[in-house]
Amino acid sequence: MANSTKDFIIEQLKERIDKFSPEKKEQSFGKVIEVGDGIAKVSGISEAMMSEMLEFKTKTESVYGVVLNLEEDGVGAIVLGDSSLISEGDEVLCLNRILEVPVGEDLIGRVVDPLGKALDNQGDIAQEKFYPIEKIAPGVINRESVKEPVQTGIKAIDAIIPIGRGQRELIIGDRQIGKTAIAIDTIINQKGKNLKCVYVAIGQKESKIAGIVSKLKESGAMEYTTVVLAGASDPASMLYIAPYTGCAIAEYFLDKGEDVLVIYDDLSKHAASYREISLLLRRPPGREAYPGDVFYLHSRLLERACKLNKDHGGGSITALPIIETQAGDVSAYIPTNVISITDGQIYLEPDLFYQGNRPAVNAGLSVSRVGSSAQIKAMKKVAGKMRLEAAQYRELAAFAQFGSDLDEETKKKLERGKRLYEIFKQEQYNPISVSKQVLIFYALINGFCDDVPVDKISQFEAGLFDFADLDKKTLEQIENKAELDEEMEKAISHLINEYKATLDYLS
């Protein structure tokens with residue numbers, strides 16, 4: 001019995017040996033020669049590619065990194081995790097793949113880190129499809145001109161600095177004057193407009209982002225939004241890859257022919273994290289200690305925002321990068337770089353903010369290079385002269401301080417300008433539909449507000465919107481017709497006159 005069992009085992013082993021065919025598998029190994037501050041120098045992997053993923057075999061767990069410097073005697077890599085776990089002499093394995101992140105429908109409504117791991121305690125995210133974080137932007141032949149609007153719900157922006165689907169519009173200004181507020185209001189306003197949103201928080205306090213996510217949930221905006229968070233306490237490597245991760249998530253929806261809005265908040269901190277990494281990797285410092293390729297850092301990211309033509313799916317990525325200035329200096333290095341990459345900028349001015357004009361949009365320095373192409377025809381008609389009037393008012397108001405002897409035309413322009421700036425004032429988290437915006441702007445430019453006291457303008461506006469809501473017919477016509485013909489203008493004038501007849505302070 002024992003012999004038969006023994007023979008059977010021998011036969012089985014022989015059979016397995018006969019069937020065995022060795023596979024050739026090449027793997028590139030190296031060793032850590034130096035580590036610290038989130039940077040590792042590795043020798044022995046001279047075949048490594050730029051942006052290739054590395055696996056550091058530490059005593060406790062595997063830590064991942066990315067090749068960023070190709071040197072004669074090894075590579076310089078950034079560590080995507082806790083670099084304190086890595087020791088000199090640890091084994092490093094090349095993974096033969098460029099850094100990629102999970103993408104897909106499961107990311108909608110979630111808060112993730114730059115590697116696609118969940119941060120919101122709602123369970124793991126299914127990782128079925130991966131996209132590289134770096135990708136060549138679509139060529140000119142694949143694109144078409146920007147012509148569909150992205151309604152922000154902010155009157156000052158939709159009227160005079162319109163944003164289109166596929167545009168890159170910079171939001172720039174000093175700290176704490178409402179840059180993020182504009183971005184969040186824009187996300188909230190996309191409800192029901194078939195536009196996915198990706199909000200990338202770079203170096204922000206986690207408590208601040210928790211507040212933003214809470215507000216987005218309250219407004220029902222998380223149903224179509226993904227938040228990518230690289231917090232203020234995260235290593236510079238995470239801050240560096242965060243915007244590229246956000247862009248890769250957006251490109252998944254772009255490839256499906258959908259429209260996406262991506263907000264990078266903010267690229268000043270992104271540039272600072274890249275500077276930190278570059279200096280630690282001993283790259284030569286240039287102006288303000290930034291490396292020489294800091295322009296390329298942002299251009300290769302923002303050029304991926306586009307409007308594709310119908311042959312390539314017809315999707316779009318709209319980018320709203322945010323840049324923080326120091327004491328309003330838009331001529332500094334990083335601000336001028338990003339201004340030259342984007343299709344216009346929304347400049348927030350501290351003086352306007354402290355005077356109570358919120359959002360503090362400066363109509364003179366703000367510009368949209370897409371312009372009225374990204375507006376519905378009704379808005380185009382009423383907003384045509386408003387940008388000029390808004391800019392002229394600031395100049396005239398400054399001039400009027402020095403002399404009281406003004407002609408009637410100048411006085412009239414000043415009075416209308418005061419009312420315009422009152423209308424531009426808007427509470428946070430209160431986006432306004434385009435039909436209501438057309439209604440109040442029509443009232444302003446056609447003189448219906450001239451007899452309304454300046455301190456009553458906001459009351460007049462709120463009342464007009466409530467009055468229009470009683471019978472939504474006119475608002476629906478503006479929204480659906482999208483053009484102000486004679487019949488439409490008569491209907492709007494009739495509505496405004498009916499409303500004014502109910503006001504006590506005008507009788």
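Throughout, residue positions are numbered sequentially from 1 according to the sequence presented.
- At least one donor-acceptor pair under 3.5 Å links the side chain of Thr318 to the backbone N or O of Gly166.
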Tell me, with the steps shown, if Asp90 and Thr58 meet side chain to side chain donor-acceptor pair (under 3.5 Å). CA-CA 6 Å; Asp90 280 351; Thr58 71; 5.5 Å; no
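- Residue Leu348 holds its CG atom at 12.0 Å from CG of Asn357, rounded to the nearest 0.5 Å.
- With a 6.0 Å radius and a threshold of 12 heavy atoms from other residues, nucleotides or ligands, Lys117 has its NZ atom at or below the threshold.
- Close placement of the Tyr244 and His270 rings is indicated, their centers lying within 6.0 Å of each other.
- Annotation: side chain of Ile163 is in contact with side chain of Leu320 (closest heavy-atom distance under 4.5 Å).
- Closest heavy-atom contact between Gln437 and Ile432: NE2-O, 2.9 Å.
- Here the side chains of Glu52 and Asn96 are in contact, with some heavy-atom distance below 4.5 Å.
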Report the C-alpha separation of Ser368 and Gln167 in whole Å, then their side-chain angles, then the decisive distance to 0.1 Å, and conclude whether the side chain to side chain donor-acceptor pair (under 3.5 Å) test is met. CA-CA 9 Å; Ser368 169; Gln167 189 175 344; 3.2 Å; yes
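- Formation of a donor-acceptor pair under 3.5 Å by the Thr225 side chain with backbone atoms of Val198 is not found in this model.
- What you find for Ile322 and Asp266 is that their closest heavy atoms are O-CB, 3.1 Å.
- Counting heavy atoms from C-beta outward, Gln355 and Leu352 have side chains that approach closer than 4.5 Å.
- Taking the ring axis of Tyr429 as reference, the NZ or CZ atom of Lys215 stays within 45° of it and closer than 6.0 Å to the ring centre.
- Atom NZ of Lys193 sits in a crowded spot, with more than 12 heavy atoms from other residues, nucleotides or ligands closer than 6.0 Å.
- Side chain of Asn309 to main chain of Ile141: a donor-acceptor pair is present (N/O by atom type, distance under 3.5 Å, no hydrogens or angles).
- Aromatic ring pairs are classed by plane angle as parallel below 30°, tilted from 30° to 60° and perpendicular above 60°; the pair Tyr252 and Tyr131 is perpendicular.
- Closest non-hydrogen pair, Arg287 versus Ser331, comes out as NH2-O, 4.1 Å.
- No side-chain heavy atom of Leu261 sits less than 4.5 Å from a side-chain heavy atom of Tyr224.
- Side chains of Val338 and Leu302 form a contact here, defined as non-hydrogen atoms less than 4.5 Å apart.
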Apply side-chain contact (heavy atoms from CB on, under 4.5 Å) to residues Asp293 and Leu297 and explain how you reach the verdict. CA-CA 6 Å; Asp293 63 343; Leu297 174 79; over 6 Å; no
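- By the 4.5 Å heavy-atom criterion applied to side chains, Leu239 and Asp234 are counted as neighbours.
- Looking at Met49 and Val67, their side chains never come closer than 4.5 Å, going by heavy atoms from C-beta outward.
- One finds a salt bridge joining Lys135 and Asp255 here, because a Lys/Arg side-chain nitrogen approaches an Asp/Glu carboxylate oxygen to under 4.0 Å.
- A donor-acceptor distance shorter than 3.5 angstrom exists from the side chain of Arg369 to the backbone of Thr342, with no hydrogens or angles considered.
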When you look at Lys208 and Thr180, which way does the side-chain contact (heavy atoms from CB on, under 4.5 Å) test go after all the steps? CA-CA 11 Å; Lys208 177 187 172 183; Thr180 302; 3.5 Å; yes
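- For Leu365, the side-chain contact (heavy atoms from CB on, under 4.5 Å) partners are Tyr347, Asn362, not counting sequence neighbours.
- Atom CD of Glu324 is separated from atom CD1 of Ile171 by 13.5 Å, given to the nearest 0.5 angstrom.
- Nearest approach of Leu280 to Asp37, heavy atoms of both residues: CD1-O, 3.5 Å.
- Across every non-hydrogen atom of Thr226 and Leu107, the tightest pair is OG1-O, 2.9 Å.
- Side-chain contact between Val146 and Ser373 is absent, with no heavy-atom pair separated by less than 4.5 Å.
- Rounding to the nearest 0.5 Å places CG of Asp120 at 7.0 Å from CE of Met222.
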Which is it for Val367 and Gln345 under the side-chain contact (heavy atoms from CB on, under 4.5 Å) test, yes or no, and what are the steps along the way? CA-CA 5 Å; Val367 64; Gln345 68 275 349; 3.5 Å; yes
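- Put simply, CG on Asp351 and CD1 on Ile177 are 9.5 Å apart, with the number rounded to the nearest 0.5 Å.
- The backbone N or O of Lys307 lies less than 3.5 Å from no partner atom in the side chain of Arg143, so there is not a single donor-acceptor pair.
- Every pair tested for ring-ring contact (aromatic ring centres under 6.0 Å, His included) that includes a residue from residues 28-83 fails, sequence neighbours excluded, so the list is empty.
- No side-chain N or O of Asn189 forms a donor-acceptor pair with one of Thr152 less than 3.5 Å apart.
- Note that CD1 of Ile133 and CD1 of Ile98 are 10.0 Å apart. Values are rounded to the nearest 0.5 Å.
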Before giving the answer on side-chain contact (heavy atoms from CB on, under 4.5 Å), spell out for Ile78 and Ile39 the whole-Å C-alpha distance, their side-chain angles and the decisive distance to 0.1 Å. CA-CA 5 Å; Ile78 54 172; Ile39 298 295; 3.6 Å; yes
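- Between the side chain of Glu134 and the backbone N or O of Ser51, no donor-acceptor pair lies under 3.5 Å.
- Between the side chain of Gln375 and the backbone N or O of Ala159 there is at least one donor-acceptor pair closer than 3.5 Å.
- Lys41 places no side-chain N or O within donor-acceptor distance of the main-chain N or O of Leu281, the cut-off being under 3.5 Å.
- Remark: the backbone N or O of Leu93 is not paired with any side-chain donor or acceptor of Lys57 at under 3.5 angstrom.
- Ion pairing between Glu105 and Lys256 holds under the 4.0 Å rule for side-chain N and carboxylate O.
- When all heavy atoms are compared, the tightest approach of Ser219 to Ile188 is OG-CD1, 3.7 Å.
- From Ile376, atom CD1 reaches atom NZ of Lys381 across 13.0 Å, with rounding to the nearest 0.5 Å.
- Under a 3.5 Å cut-off, the side chain of Gln190 and the backbone N or O of Thr186 do form a donor-acceptor pair.
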